[in-house]
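Proteins get letters first, then strands, A, B, ... in listed order; numbering begins at 1 in each.
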Amino acid sequence: MQFDSFSDFIAMGGYGFYVWLSFGTCALILLGILLSSLNDTKRILASVKQQADREQRIKQAKQEQKS
Amino acid sequence: MLRKHSYLQLFTAVCKKDLQLAFRQRAEIVNPLLFFLIVITLFPLAIGPEPGLLARMAPGIIWVAALLSTMLGLDKIFRDDFHDGSLEQLIASSYPLPLTVLAKVCAHWVITGLPLVLMTPLFALLLNLDSQSLVATVFTLLLGTPLLSFIGAIGAGLTVGLQKGGILMSLLVLPLYIPVLIFATSAIDTSSMSLDYSGQLAILGAMLVVAVMSAPIAISSALKVSVS
Amino acid sequence: MWKWLHPYAKADRAYQLCNTLLPYFAVITVVCMVVGWVWGLAYAPADYQQKDSYRIIFIHVPSAILSMGAYSSMAIAAIVALVWQLRNAELAVIAIAPVGACATAIALITGAAWGKPMWGAWWVWDARLTSELILLFLYLGVLSLYHAFEDKKAAGRAASILAIVGVINLPIIHFSVEWWNTLHQGASITKFNTEAIDPSMFWPLMVNIVAFAAFVGTVTLIRLKNEILQREKHRPWVRQLIKRG
């Protein structure tokens, strides 16, 4: 461990603002694109499911009409 | 399908048609020039009329204005042909599309680039450019504007099928213009210090040769995507 | 090799491949990123010249490397898409582009945050910074061109053409900017010492590069899966996927 205390670690020898700024934005951007991609997956799967369910219902309704 | 005409005939025919169309509605030729002139007038008004400062900034101003005014005309290069369906005919014909595209880009340069080169002495006068730099400016524009037409036509081909392609095209094309801008302005800078600037011109020429060889292929595949 | 590779031109096989690869990439990302960041931030020794501000290198360099790596892989996918007419490769182009744009943005932001304490300015027209900025424009161009098309088939091909044009121009742009920079301003900028970097800093950097590469791979796989699903929405295999899941 390079730093004696936690406050030293945060201060980064006086460069804390710049170091944490860059690591913070990096983490934010990475998390942002990861979450939005995962969210897309969920959205697409939900829409596919919705479509499938609808087709199922239409099929059922048609069968009921026939009988 | 039979090919009744030689490639040279095809080239001249396409060129002639585009030039005739442009000369019939002269606004197409005059408007980019007027735009160029107005942009150049804006700069002294914005940064001050001091002759030394203007002469120092003139190469940059002239080249940025040239970039913007060729952008204006680019939108037109394939749009009319796309709308009246003749572009589809050209793609469907048995003649090689890259050659047709080459002819169209050449015609486009004669309409937009060449007048710009011819008018440069006037603009140089406005910006207090000395005669040495003026010669360099004319040379770089002579080599650079066809390069701009070729690179820009790729963007125009990609966006021709889109409703609002104009702004998108400038977004795609302007980053690709950067090397041309850098070498051209540096040639003019070097000449103003009365040094040899043939190196920069040679690089511009090399880029032009590469563009003439490869850009028509890229443009024609872009057009095929846009039309299909 | 073609026999082995060819089945992956089919969407469902490609989807399965993504699914099998995804956990490996995800595990590598998590492990390397945690190790790399903790090592880089807390355990690596401070630089004798730049003190602790140099720690930005542990994200700046990986993101810069990956911004270019992602562009070249995007261009390779684009060439494959145009030459062999593989639709999956087109989807890969579109899957990589946003990730690469993010890497480029991170490289620019961290570069600025590093530049402020070292050079005294947030932005310097340094050759590398400038060409990174132009790279971001190229990424944004590919993305906005793709989203401008209604017909996604044409959009994929148009974006592929632009990616290839961009990759041909990229070295020209890079060298011209570098040359322009040496012309306009001398070596006023003290770059990070190029002499052999100390092992105590080199290894955490390597771990971070691997972490970043694995992250780009993970997100690209997720996005590629999304694109495949989106396109194959109405195919039976997607329906079965829903039933099973």
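- For B:M169, no part lies near chain C; criterion is any non-hydrogen pair under 4.5 Å.
- Heavy-atom pairs under 4.5 Å with chain B were tallied for C:L135, C:L170, C:V142, C:L162; the largest tally goes to C:L162.
- Among all heavy-atom pairs drawn from B:L171 and C:S144, the shortest one is CD2-OG, 3.4 Å.
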Let's go through C:L138 and B:L176 carefully: what are the C-alpha distance in whole Å and the side-chain angles of both, what is the deciding distance for side-chain contact (heavy atoms from CB on, under 4.5 Å) to 0.1 Å, and is it a yes or a no?
CA-CA 8 Å; C:L138 290 179; B:L176 302 177; 3.9 Å; yes
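- Residue B:A218 comes nearest to C:V165 through the heavy atom pair CB-CG2, 4.2 Å, listed as atom of the first residue, atom of the second, then distance.
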Give the C-alpha distance, both sets of side-chain angles, the deciding distance and a yes or no for side-chain contact (heavy atoms from CB on, under 4.5 Å) between C:I168 and B:S214.
CA-CA 10 Å; C:I168 294 169; B:S214 53; over 6 Å; no
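- The number of heavy atoms from other shown groups lying within 6.0 Å of CZ (C:R231) is above 12.
- Counting all heavy atoms, side chain and backbone alike, C:I173 lies closest to B:P179 at CG1-CG, 3.6 Å.
- Heavy atoms from other residues, nucleotides or ligands lying under 6.0 Å from CD1 of B:I167 number 12 at most.
- The part of B:T159 that comes within reach of chain C is its side chain, from C-beta onward, which places non-hydrogen atoms under 4.5 angstrom from that chain.
- By the 6.0 Å contact criterion, CZ on B:R79 is enclosed, its count of non-hydrogen atoms from other residues, nucleotides or ligands being greater than 12.
- Nearest heavy-atom pair across B:L168 and C:A148 is CD2-CB, 3.6 Å.
- Distance CD1/B:I217 to CD1/C:I161: 12.0 Å, rounded to 0.5 Å.
- Heavy atoms of B:L158 lying under 4.5 Å from chain C belong to its backbone as well as its side chain.
- Taking CD of B:Q200 as the start and OG of C:S176 as the end, the distance is 12.0 Å to the nearest 0.5 Å.
- The greatest number of non-hydrogen atom pairs below 4.5 Å with chain C, out of B:G161, B:P175, B:G157, is found for B:P175.
- Taking CG of C:N169 as the start and CD1 of B:I178 as the end, the distance is 10.0 Å to the nearest 0.5 Å.
- Around atom OH of C:Y15, more than 12 heavy atoms belonging to other residues, nucleotides or ligands sit under 6.0 Å away.
- Residues C:L82 and B:S221 have side chains not in contact (no heavy-atom distance under 4.5 Å, counting atoms from C-beta outward).
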